[in-house]
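To start, the structure itself, in structure tokens.
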Amino acid sequence: MASTVAPPLSLHHHHPHHTPFVHTPISNTTKHSLLPIFTPKATLSLSSKTHNKKTNPLLQEINKLCESRNLTEALNFLQRTNALNNAEAMGVLLQACGRHKDIETGRKVHELVSKSTQFSNDFVLNTRLVTMYSMCGSPLDSRLVFDGLQRKNLFLWNALVSGYVRNELYHGAISLFVELISVTEFKPDNFTLPCVIKACAGLLDVGLGKVIHGMAMKMGLISDVFVGNALIAIYGKCGFVEDAVEVFEYMPERNLVSWNSMISGFSENGFFKECYNTFREILKSEEGLVPDVATIVTILPICAAEGEVVIGMVVHSLAVKLGLNHDLMVNNALIHMYSKCGYLTEAQTLFAKSDNKNVVSWNTVIGGYSGEGNVCRTFDLLREMQMEPWKMKVNEVTILNVLQACLEESEMLCLKELHGYSFRHGLQDDELVANAFVAAYAKCGSLSSAEHVFYGIETKTVNSWNALIGGHAQNGDPRKALDLYIQMTYSGLAPDWKMLSARALFDRMENKILVSWNAMIAGYSQNALPDESLNLFRQMLSNGIQPYEIAITTIFGACSQLSALRLGKEIHCFTLKAHLIQDVFVGCSLIDMYAKSGCIEQSQRVFDSLKEKDEASWNVIIAGYGIHGHGNKAMELFEKMQRSGLKPDGFTFIGLLMACSHAGLVTDGLKYLNQMQSLFGIEPKLEHYACVVDMLGRAGQLDEALKLILEMPEEPDAGIWSSLLSSCRIYGDLDMGVKVAEKLLALEPDKAETYVLLSNLYAGSGKWDDVRRVRQIMKETGLQKDAGRSWIELGGEVFSFVVGDELLSESEEIQDVWRRLEEKIRIIGYKPNTDSVLHELREEEKIEVLRGHSEKLAISFGLLKTTKGATLRICKNLRICVDCHNAAKLISKAVEREIIVRDNKRFHHFKDGFCSCQDYW
DNA sequence: ATAGGGTTAG
């Protein structure tokens, strides 16, 4: 976590990108005179009436009854006192009906009003009727009142339009507005426009918003605060912050709402520093602005999002000072802020102390615990919530928040329970809830459940599609995986699972297959997954749904997995056409895709083209150079990143340490591990230690690696031991290797990979008895090692080669190509290196085994199918062996081709007889 | 009489 917290409210200077948003106080002499000056037509002549209200005993009584929500009583009172003809009293009552959403009483009053000839044409009362109905959530009734009138005025039109907007009938509101300006004699005024602008905002239609903006200028209404505020709001919501700032800057008069709207707009668009600045300007403003509930409730989520608990606390104390902390929304926002910042105790205290709680309060406090994966506490609170005497009703946010807890620990049972629960509460069809379940099931490995929910969604949105595509991208195609799994069981690998139904098998799969058979499925999915994802993607397009950034990001992820460069390029073009290219997430995944497809230069180009670079953009390019073995370049970028004003985070260091590891930069790697904590205040996590252990191991410093494992504050996991074991194998340290293997097998007894490494370790030391023993164990337990496998993408199609593959129709041809190649490179020094053939075989047999290695097949096939000079890009599921590495170097020279091989860890660029890894991998 | 900004989830 960041160790430095900005001083409260005397905040950071502007970020270089954000400099346009500087608030300059408006000087009345300059800008003001350029603008048409708006003068309100209405004058204040109500003083006698308000006076009347205070002294008239009838009105006093009505007001009192309305205040205490006794609306029926108020109506009875009017009837008793024969005051039903008192327009003012009826008006007050209608207003109260609206305020308290009492449509029953409202209807009764309506009936009385419409019966009376005296009232039926009363503009004021009818306007109040229209408003009453819309406040009660029945804009249709408003419309009926409106349509029933012979004569209308602008007040009535405005009341109807605003009622439509209040009830989110945005299209309807805009239609009414069009009708108003085209067929009536009325001119929209400073009341009409804010409503219409809000309707545009509700539809996220900035285009129309700009049209209204233009109208406001022409009609001289632009200087109205309400119009200006509405414009600030729409621009902020639609991502047009610059326009919002412009409106704000040119407003001749501003009020607190204007400032609040600016904060909100900045926040919506991620300009958090500007939020604080604006907030600070409110506090020190010369007009004596005082923050209100809206201000507090807008600024707190920003502190929450940024983890700025110190600022949050300052806001908290300010709220107390202003007496706003008892407000429900403020209290909820405070609870949220504290829990998001990790101060759960404070959040809990505020929650417990407040005697005024609503669903949001409960949801927020639940969200605090679910966010940190506290399943028990989350479900306890959910139960507790419904035991409240007034039966707190759960809503879709409750489900979404509880769901979070299941996700953290992949709690499939909880997830299902929760799904059932949401059915019982009729929340299962909520768009967000349904999508969340698709994504959650997918994440927990249950793609079929995910699909089930997905196909049940009546109107699938972009997000529904994203959830399922994302699931496929992460887990592979579940149907095919299931088929594969059944095949496995029939081949005698897991006989006890044979009797189970296919569905139950699948349920077991979440825990078993994806973990235990991870390698096998990964091998399969690398072939099938991008197709599946892309099919869904195309289906989505043909359904007329425009992919958003997330879908694109997922597709790039799928391309990255396969090094499906052509596919990736296709989608790159698509993003250019769809104007999504400047999205930071898209940019980021694009950089990653190119890096993982072997085109680090393309990554750099995309990176350079990004107007806005965030931490993630830097992280991904640093990591990209890392897997390509360009350690120095990665370090250079790491320095540049800091100079650009961005702070490296945990992910940055993973990329950086990996880069050091691949390039053998041991000293630098150790330096960075130290600096992480001392200089940047980032606690190294297991992943970081894993990189360093890997780095030391690769460099042959096995003792150092072991020392680090034993000294690090976290419990080493299987990944770390496995990496050390693999280093022991490379450097032939049998003693340490055997000990490490023991550790590893205790942690993960079912992992074939461990046995293979161990067996290879024995083989490397010539201990063939032990090799046989290990292989026997594997046979008995039914564990199978992954076959070596390589892929090559040609013309958008993926060709896959398994070691010793003879099934391919071009098999003869390929072997022929290889024999000729072998002859060519023999002349320039190729000697088969049989050290990596870890079987008990005669030398000639070993050489024959070498010839069948999948990468050699893929290279041969690639040369056969491509034109002279074309670069070959090959993907391999395991580490490339010494012999293939040697051969590839020489081939690159002999046939003057660049060959790029991605193995399971990194890239090798073979060119002119050399490899980019400088034979260190 | 009619208007603008604001809490959880995404």
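Reminder, nothing fancy here: chain letters follow the sequence lines and each chain counts from 1.
Put simply, the side chain of Asn269(A) gets close to the backbone of Gly236(A): a donor and an acceptor are under 3.5 Å apart. Within the 3.5 Å criterion, the main-chain N or O of Asn121(A) finds no donor-acceptor partner in the side chain of Arg151(A). No side-chain donor-acceptor contact under 3.5 Å links Asn435(A) to the backbone of Val438(A). Judged by distance alone, the side chain of Gln386(A) and the main-chain N or O of Leu382(A) form a donor-acceptor pair under 3.5 Å. A donor-acceptor distance shorter than 3.5 angstrom exists from the side chain of Ser370(A) to the backbone of Asn401(A), with no hydrogens or angles considered.
When the side-chain nitrogen and oxygen atoms of Thr131(A) are compared with OP1 and OP2 of dA1(B), none of them lie within a distance under 4.0 Å. At least one side-chain nitrogen or oxygen of Arg166(A) sits closer than 4.0 Å to the OP1 or OP2 atom of dA3(B). Remark: Ser162(A) is in phosphate contact with dA3(B), judged by side-chain N or O atoms under 4.0 Å from OP1 or OP2.
Taking every heavy atom of both residues into account, Ser267(A) and Phe272(A) meet most closely at O-CE2, 3.7 Å.
Under 3.5 Å, the side chains of Asn363(A) and Asn332(A) contain no donor-acceptor pair of N or O atoms.
Applying the ring-ring contact (aromatic ring centres under 6.0 Å, His included) rule to pairs touching residues 330-351 of chain A yields His316(A)-Tyr338(A), Phe351(A)-Trp362(A), sequence neighbours excluded.
Taking 3.5 Å as the limit, the base of dG4(B) and the side chain of Asn260(A) contain no donor-acceptor pair of atoms between them.
Which of dG6(B), dA3(B), dA9(B) sits closest to the side chain of Thr298(A) comes down to dG6(B). Side chain of Pro301(A), nearest nucleotide from dG6(B), dT8(B), dG5(B): dT8(B).
Rounded to an integer number of Å, the gap from CD1 of Ile232(A) to P of dG6(B) is 12 Å. Taking atom CD1 of Ile299(A) as the reference point, atom P of dG5(B) lies 18 Å away to the nearest angstrom. Residue Glu268(A) contributes atom CD, which lies 12 Å from atom C1' of dG6(B) at whole-angstrom precision. Rounding to whole angstrom units, CG of residue Asn395(A) and C1' of dA9(B) are separated by 9 Å. Rounded to whole Å, atom P of dA1(B) lies 16 Å from atom CG of Asn190(A). Residue Met135(A) contributes atom CE, which lies 13 Å from atom C1' of dA3(B) at whole-angstrom precision. Distance CG (Asn255(A)) to C1' (dA3(B)): 12 Å, rounded to an integer number of Å. Distance CG (Leu322(A)) to P (dG6(B)): 20 Å, rounded to an integer number of Å.
The residue Ser261(A) sits close only to the backbone: its heavy atoms come under 4.0 Å of sugar-phosphate atoms, none of a base. Nucleic acid contact class of Val297(A) (heavy atoms, under 4.0 Å, all strands): sugar-phosphate only. Looking at heavy-atom distances under 4.0 Å, Asn153(A) makes contact with a base.
Stacking between Phe155(A) and dT2(B) is absent: the aromatic ring centre is not both under 5.5 angstrom from the base six-membered ring centre and within 30 degrees in plane angle.
Shown for residues 366-375 of chain A: no residue has heavy atoms falling under 4.0 angstrom of DNA chain B. Residues from residues 331-352 of chain A lying near DNA chain B, meaning a heavy-atom separation below 4.0 Å, are Asn332(A), His336(A), Lys340(A) in numerical order.
At least one side-chain heavy atom of Leu231(A) sits under 4.5 Å from a side-chain heavy atom of Ile222(A).
Residue-environment remark: CE (Met313(A)) stays at or below the threshold of 12 foreign heavy atoms within 6.0 Å.
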